[in-house]
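Every heavy atom of this structure was used, including side-chain atoms; hydrogens, water molecules and symmetry mates were not.
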Amino acid sequence: EIETRPIMDSLTLDFAFTGVRTLGLGQRAGADFLSVSLSTTDAIGHRWGPGSRELHDQLLRLDRYLGAFLDSLATIVPPNQMIVTLTADHGVTEYPEAGVGGRISFSTQVRAMTAYGRDRWRLDLGAGQEAGLLFGDREALARRGVDVDSLSDALAAEVMKVAGVRRVLTPRTLAAAKPGDLDAMRWRRELPAGFSWFVAALAKPGYVFGTNLTSTSHGTLNLDDVRVPLLFRVPGVPARRVERVVRTLDLAPTLAALLGLRPTEPVEGVPLPELFGRRPTR
């Protein structure tokens, strides 16, 4: 299982450097873009948890690998022509068994939905659960005359009784949520258009969705899972630490602005003013 060994990141960065050198990136007119995904931290975090010695060791090694990669890159691309960014796609919750918390499962509700569709309506609802979402074929039930909003409400009441659940949303309550409702806005971003679901749950801090006792996970909307670092190294911009909330959505617009490029479609993120010598406006 090489993906759980730190050497995997070293191999990935060696491959990336070979690609840069072979393709001549950064050595021609115009801007080149290199994206490197380093996934070993994810695998080790799942397996042993964010507070483990294994992950601490991984991060120390990764720091050295990245240093060697950037030093090597600087031998063929002048540092004053190089913008570097570093971030992550998610955080992770500590093993629930290591502290306060637990594991949340809606298996009872999924079985009840499956039986309801099969025994009452002769339907396979495709009921399931994933990361706090209880889903199934609402449209099939609606065609049978079922009040699916009332059914969602009933399921939500049962889900709310599950240990570790702090709040539930249904399609109706999510649609009615105000822009200032952070929980609801995060769920809106997670749900693809047209997806058929009944209940979206939010976990209490320290809880994870799922029952796999051999790993920890992410997937809640809690800070442990959604808070990640966002680093920029921009030529001419002094090093500093910014203590305000920004979003990974801001990364692409910021890079575009630094390169003098205009996005070709609407984007939600905004350029980060600290990289341009301006004060934030939000």
Side-chain angles (χ1 to χ4, degrees), residues 12-13 16 20 25-26 30-39 41-42 45 50 59 62 66 69-70 73 77 79-93 130-133 167 169 174-195 197 200 202-203 217-282:
T12 301
L13 289 168
V20 169
L25 300 184
D32 289 317
F33 180 78
L34 173 69
S35 177
V36 183
S37 177
L38 300 168
S39 299
T41 301
D42 178 271
L59 293 176
L62 178 58
L66 282 170
F69 172 72
L70 292 172
L73 199 59
V77 181
N80 64 355
Q81 297 178 25
M82 189 191 313
I83 297 173
V84 179
T85 70
L86 181 68
T87 190
D89 58 340
H90 58 76
V92 67
T93 297
E130 181 67 31
L133 193 68
R167 185 183 176 188
L169 294 162
L174 183 61
K178 303 298 183 183
D181 186 336
L182 187 58
D183 289 338
M185 295 307 105
R186 285 175 173 167
W187 260 120
R188 279 188 186 175
R189 290 188 176 94
E190 288 210 16
L191 290 165
F195 189 74
W197 60 283
L202 294 109
S217 189
H218 50 87
T220 74
L221 300 184
N222 296 328
L223 285 181
D224 283 346
D225 289 355
V226 304
R227 184 166 49 192
V228 297
L230 180 57
L231 178 149
F232 282 87
R233 183 267 183 197
V234 179
V237 177
R240 61 182 292 201
R241 180 170 181 152
V242 176
E243 296 289 347
R244 72 179 181 92
V245 175
V246 298
R247 301 177 298 172
T248 53
L249 290 169
D250 299 329
L251 193 155
T254 300
L255 285 178
L258 288 168
L259 295 171
L261 303 175
R262 183 183 296 275
T264 57
E265 60 184 58
V267 294
E268 185 176 341
V270 297
L272 299 177
E274 291 89 347
L275 295 171
F276 304 89
R278 302 194 302 271
R279 296 179 63 85
T281 58
R282 61 176 174 85

For Trp197 against Leu169, the heavy-atom pair lying closest together: CZ3-O, 3.5 Å
Thr12: partners by side-chain contact (heavy atoms from CB on, under 4.5 Å), with sequence neighbours left out: Met8, Val36, Leu38
Under 3.5 Å donor-acceptor, Arg188 side chain and Leu174 backbone: yes
Closest non-hydrogen atom pair between Leu25 and Val77, with its separation: O-CG2, 3.6 Å
Non-hydrogen atoms of Val228 and Gly91 that approach each other most closely: CG1-N, 3.8 Å
Any donor-acceptor N/O pair, Asp32 side chain to Gly26 backbone, under 3.5 Å: yes
Atom of Val237, atom of Leu275 and distance for their closest heavy-atom approach: CG2-O, 3.7 Å
Identify each donor-acceptor pair in which a side-chain atom of residues 262-272 lies under 3.5 Å from a protein atom, sequence neighbours left out, and give them as a table.
residue	atom	partner	partner atom	Å
Glu268	OE2	Arg189	NE	3.3
Glu268	OE2	Arg189	NH2	2.5
Glu268	OE2	Arg247	NH1	3.1

Considering all heavy atoms, the nearest Phe276-Thr254 contact: CZ-O, 4.0 Å
Residues Leu191, Leu133; criterion side-chain contact (heavy atoms from CB on, under 4.5 Å); working and verdict: CA-CA 9 Å; Leu191 290 165; Leu133 193 68; 3.7 Å; yes
Side-chain donor or acceptor of Thr87 paired with backbone N/O of Pro229 under 3.5 Å: yes
Which residues share a side-chain contact (heavy atoms from CB on, under 4.5 Å) with Glu190, sequence neighbours left out: Trp187, Leu221
Nearest non-hydrogen partners of Pro273 and Arg244, listed with the distance: CD-NH2, 3.5 Å
Any residue meeting salt bridge (Lys or Arg N to Asp or Glu O under 4.0 Å) with Arg167, in chain and number order, not counting sequence neighbours: Asp181, Asp183
Heavy-atom side-chain contact between His90 and Asp42 under 4.5 Å: yes
Backbone of Leu86 reached by a side-chain donor or acceptor of Arg233 within 3.5 Å: no
side-chain contact (heavy atoms from CB on, under 4.5 Å) partners for Asp225, two or more places apart: Thr93, His218, Thr220
Qualifying residues under side-chain contact (heavy atoms from CB on, under 4.5 Å), relative to Ser39, sequence neighbours excluded: Ser37
Separation between CG of Leu255 and OG1 of Thr85, rounded to the nearest 0.5 Å: 5.5 Å
